[in-house]
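Input: one structure, supplied below.
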2 protein chains.
Amino acid sequence: MDTAVDLSSLRESLEANGADGYLIDDDASDSDQRYVSGFTAPDPYQTLVTPEGVHLLVSGLEYGRASTESSADSVTRRADYDYQQLVAEHGPYEAKSRLLEAFLDDHDVDSLAVPRNFPTGTADGLRARGLEVTVEPEGIVEGIRATKSDWELAQIEATQDANEAAMATAEELIATADIADDGTLVRDGAALTSERVKEEIEITLLRHGCGLDDTIVACGADGADPHNRGSGPLAADELIVIDIFPRDKETGYFADMTRTFARGDPGEEARRRYDVTKEAYEAALEAVEAGVTGADVHGVACDVIEDAGYETLRSDPSTDTGFIHSTGHGVGLDIHEQPSVSPSGGELEPGHVISIEPGIYDPEVGGVRIEDLVVVTEDGYENLTDYRVGLEPKNE
Amino acid sequence: MDTAVDLSSLRESLEANGADGYLIDDDASDSDQRYVSGFTAPDPYQTLVTPEGVHLLVSGLEYGRASTESSADSVTRRADYDYQQLVAEHGPYEAKSRLLEAFLDDHDVDSLAVPRNFPTGTADGLRARGLEVTVEPEGIVEGIRATKSDWELAQIEATQDANEAAMATAEELIATADIADDGTLVRDGAALTSERVKEEIEITLLRHGCGLDDTIVACGADGADPHNRGSGPLAADELIVIDIFPRDKETGYFADMTRTFARGDPGEEARRRYDVTKEAYEAALEAVEAGVTGADVHGVACDVIEDAGYETLRSDPSTDTGFIHSTGHGVGLDIHEQPSVSPSGGELEPGHVISIEPGIYDPEVGGVRIEDLVVVTEDGYENLTDYRVGLEPKNE
C-alpha cells in the first residue's frame, strides 16, 4: 500500500557513525517501524535497516502477511532461529537477545544504531552478547517522516474529510438542540451531553473508515483544561470546545481539527477571547512558509495573545491560564510528530503537515481553541481543512 | 477511578537489588504506567516508584488532571525544572536527561531499575549523567497486573458484555443475509462484506462505550491467516471467523472473543475442523485451574488437535497450517498480557484473566477459531463469556 520510503539520510548516518545497521524493536504503535517496514502487526516485531535493504523478523503468525504486504526486502520467521527452543532453554528475556543476535549475524551486523525509544532491555541484552549498540539521538526517521509524499498528503486529506463530516455532525447537534429552563441543551427529551455528541462524532468517523481513541467535547470549565475530554450536559451561553483527531483504520494517517462553539451568549469576555484566538490563528497561518521555524510561528501566536493582555507560557512558564500549550505539531502516522510549532520548533520544510491551534483558557470563562491542519509549501501553506470558523453553531 | 494497586513486590525487588527507585518513561500506550500511576495522557510522562510513594512528572497541560485524577502521591510539572530553558540550551535529547536527573535527585534516587521497554535513549542519557540504570528483567509490574482485583474483573466483564452485543449484531447480519446465485451473502441489495459487518460491530461497541482498532471478520482463505482482518464479500458455504477485542474507552480494560460461523454447508472437512477445535477449546477450558501452567493448558489443546491429525507448532515449529498460534493470553489493560497460555506459560493463579482460543487453519479450507475469556479460580475457572458456541449463525 505504501510507496517506498527514502531512507538514504538514515543510511548516510549509519555510515558516518560506523554502524552496520539500524534496528527497531517494537509493535504496531511505533509509527517509525510502520513507516520503514510498510507493515503493521498487533504483536512486536523487528525491523532492520542495512545498506542492502530492510529486513523484518516476525512471528510465524505474521509471516504470510508480512511477506505479501510489507515493503521489506526480506522477511524472516523467529522459528528459523528455533525461538521456542531458546525460550525454553534461556527464558524469554535472554531468548530474545539470542534470537536477535542470530538475526543480526545473518545480516553481518555487529554494531547497531537504535532509536531513542529502543527497549533498554533489548539494548543491554545485545550489549551483553558483545554487540555495539548506540542511540541515534537525532530522530532521523521521525525527521524523514515529517516530509510527506503526495500519497501521504492524499491520505491525510482523506482523514480530514472524514473529520469535517464528524465536526458537521457535532455542530448540527449543538445548533439544533433545544434549550431547557436551566440553560442545558436538550435533544429528543434528554440532555445533550458531551458523551452523546462524542458518540455521534465517532459513528460518523466509523462510517468514513476512521477510528479514534479520544474526542474532546468540553463545555465551560472542562474546556479550560486542554486535555479534558469533557463530560456531562452541554449548556447554552458557554464555550464548547470540540477537538477531533481521527485516524484512518487502513492507512494509519491522522487528521486534526478543533472548533469552539457557543449557543446563546457566552458573554463579552468569552467573545473577546474567541476573537483574539481567531486573530492568533490567522496570524500564525500567515507566518507559515518553508524556511521559517516552528518557533517563529509559535512566537507570532504568542505575540497576538500577549498583546491582547493574556498570559502565555512564554510570558509566564508556570501559568495555568491563557495560552498554555504549543501552537501546533506535525501530524501523520502519529497524531503528534515532527515538526514542532513550539519554542523548540525547527525550520519548516515543504511537505511538512502541521496543526495551527492557538487557544486561550481559564476555568472562570472556559476554553477557546481554533485548529486547522495545513501543509507547508515553498511560499506559504495549503490548508487541508475546509471548515468554517465561527462561534455560533450552524446547521448547514 | 482505579483502586490503589499493591506494588509491594516491586518495592521488595528494588530493595533486594539496591535500587532507589523504578522509573517508567512512556505515554498512555504503556499499560504498566497507566496501572502504576492511575493516569493516562496522550503525551509522554514519567512515573517514579520509590519506597515512599508514586511520583509523576508531567507537562503543564496535564498537571491539573494528573493532580486530581491520578493515584500518585505527588505530581510535578516539567516547568518546575525549567524544562523549556533546558531544551533551548541543550536540545531536546540532553534536556530530557537533565530534567529527569533533577526530578530523580528531588526524590533521592541515584540508582534506578527500569522496565525492559524503557527507552535506551533515556537510559543511556541518565547513565552519561552518572546514574546507575539497571533493567528489571522479570517484568514485575506485568506480573502484578496479571492478577485482577474484583474491580478490574468487573471492568473486563463489562467490556465482554459489549463484545457479546457486538458479536450478536454480526451473527444476525450473517444469519439473515440473502444468498446470491454466486454464493455471496447479500443484504439490502448489496454484498455483505467484511467491511460492512465490521462497521456494524464497531458501532455497536461505540454505543456501549467501547472502541477498538481492529476487528477480524475473515471469510474463506482470509480466515486461514489468523491476523488477516478480512475484506470483501462474505460467502455461503465458507468458514467466517469473527474475532472482536474491544477496549472500554473510560477504564481501558479489554475483552476478547472469537466465534466461527458458516451459512449453508462449508463441507465435511470444515465441519470436522470445527468439531476438533471445539473439542480442543473444551479440553483446554477443563484443564484451567490455579496451579497448572499455561504450558500445560496449551499442551492439552495441542494434544486434541494433533490426535485428530492436524499439525501444531509443537509437532512442526515451522508449519503454516494447523494450530499455528498459542492457546491463549492474559487480557486486561493490554489485549495481550501476562500470563501466557503457550509453551512458555507459567503457573496460573486465581484472578488471572486469560483467553482460551484454539484454532485450525489452512487456506484450502479456511480458518476455525473459538475463543472465550475466563478468570482462573482455585479449582477451575469462571467464564466471563456468555455466548453460544455453534457453527450455524442464528438470529436470536
Side-chain angles (χ1 to χ4, degrees), chain A residues 26 28-29 41-43 59-65 77 79-80 82-85 87-88 91-93 114-125 133-135 137-139 195 199 202-203 206-207 209 211-214 225-228 249 313 317-320 324-325 335-336 343-344, chain B residues 26 28-29 41-43 59-65 77 79-80 82-85 87-88 91-93 114-125 133-135 137-139 195 199 202-203 206-207 209 211-214 225-228 249 313 317-320 324-325 335-336 343-344:
Chain A
D26 212 319
S29 65
D43 293 320
S59 73
L61 204 58
E62 301 292 0
Y63 181 72
R65 216 164 50 78
R77 271 181 284 224
D80 293 348
D82 295 323
Y83 180 56
Q84 288 297 345
Q85 186 63 31
V87 171
Y93 187 57
V114 299
R116 290 172 294 197
N117 69 348
F118 191 82
T120 304
T122 308
D124 287 1
V133 180
T134 310
V135 172
E138 302 297 329
E195 291 82 353
E199 194 172 298
E202 292 173 20
I203 287 172
L206 268 181
R207 298 278 185 207
L212 80 180
D213 288 332
D214 280 332
D225 178 351
H227 277 195
N228 186 323
K249 284 169 171 284
L313 288 176
S318 68
T319 183
D320 287 329
I324 52 177
H325 54 70
I335 180 61
H336 291 164
S344 60
Chain B
D26 212 320
S29 66
D43 292 320
S59 73
L61 205 56
E62 301 293 359
Y63 180 72
R65 216 164 50 78
R77 269 182 285 223
D80 293 348
D82 295 322
Y83 180 56
Q84 288 298 346
Q85 185 63 32
V87 171
Y93 186 59
V114 298
R116 290 171 295 196
N117 67 350
F118 191 82
T120 304
T122 309
D124 286 1
V133 179
T134 311
V135 172
E138 303 297 328
E195 290 82 354
E199 193 172 298
E202 292 172 21
I203 287 171
L206 268 181
R207 298 275 187 211
L212 80 178
D213 288 332
D214 280 332
D225 178 349
H227 277 194
N228 186 322
K249 284 168 172 282
L313 288 177
S318 68
T319 183
D320 287 328
I324 52 176
H325 54 70
I335 181 61
H336 290 164
S344 60

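Excluded from the calculations below are hydrogen atoms, water molecules and symmetry mates; all remaining heavy atoms, backbone and side chain alike, are included. Please read all numbers here as calculations on a predicted model, not as lab measurements. Lettering follows sequence order; numbering is per chain, from 1.
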Notebook entry, point to check: Top residue by heavy-atom pair count (under 4.5 Å) with chain B, among A:His325, A:Gln85, A:Glu202, A:Arg77?
Noted result: A:Glu202
Notebook entry, point to check: What are the two closest heavy atoms between B:Pro317 and A:Ala79, and how far apart are they?
Noted result: O-CB, 3.6 Å
Next item on the list: Output the option from B:Pro119, B:Ala88, B:Ser318 having the highest count of non-hydrogen pairs under 4.5 Å with chain A.
Entry: B:Pro119
Next item on the list: May I ask you to name which of A:Pro137, A:Gly211, A:Ala123 has the most heavy-atom pairs under 4.5 Å with chain B?
Entry: A:Pro137
Check: Relative to chain B, which segment of A:Tyr93 carries a heavy atom at a distance below 4.5 Å: side chain, backbone, both, or neither?
Finding: side chain
Note to self: I need the residue from A:Asp124, A:Thr319, A:Val114, A:Thr122 with the largest number of non-hydrogen atom pairs under 4.5 Å to chain B.
What the structure shows: A:Asp124
Check: If you count heavy-atom pairs under 4.5 Å between each of A:Thr120, A:Asp43, A:Asp26, A:Asp82 and chain B, which one has the most?
Finding: A:Thr120
Next item on the list: Measure across B:Ser344 and A:Val87 and return the closest heavy-atom pair with its distance rounded to 0.1 Å.
Entry: CB-CG1, 3.5 Å
Item checked: Option in A:Asp80, A:Ile203, A:Val133, A:Asp225 with maximal non-hydrogen atom pairs under 4.5 Å from chain B -> A:Ile203
Check: Taking every heavy-atom pair that is under 4.5 Å apart, which of A:Glu62, A:Arg207, A:Gln84 has the most such pairs with chain B?
Finding: A:Arg207
Checklist line | Proximal component of A:Pro343, with respect to chain B [non-hydrogen, under 4.5 Å] | finding: side chain
Next item on the list: Nearest 0.5 Å please: distance from the NZ atom of A:Lys249 over to the CD atom of B:Glu195.
Entry: 12.0 Å
Item checked: Heavy-atom proximity to chain A below 4.5 Å, by part of B:Arg65 -> both
Check: So what's closer than 4.5 Å to chain A heavy atoms on B:Asp320: side chain, backbone, both or neither?
Finding: side chain
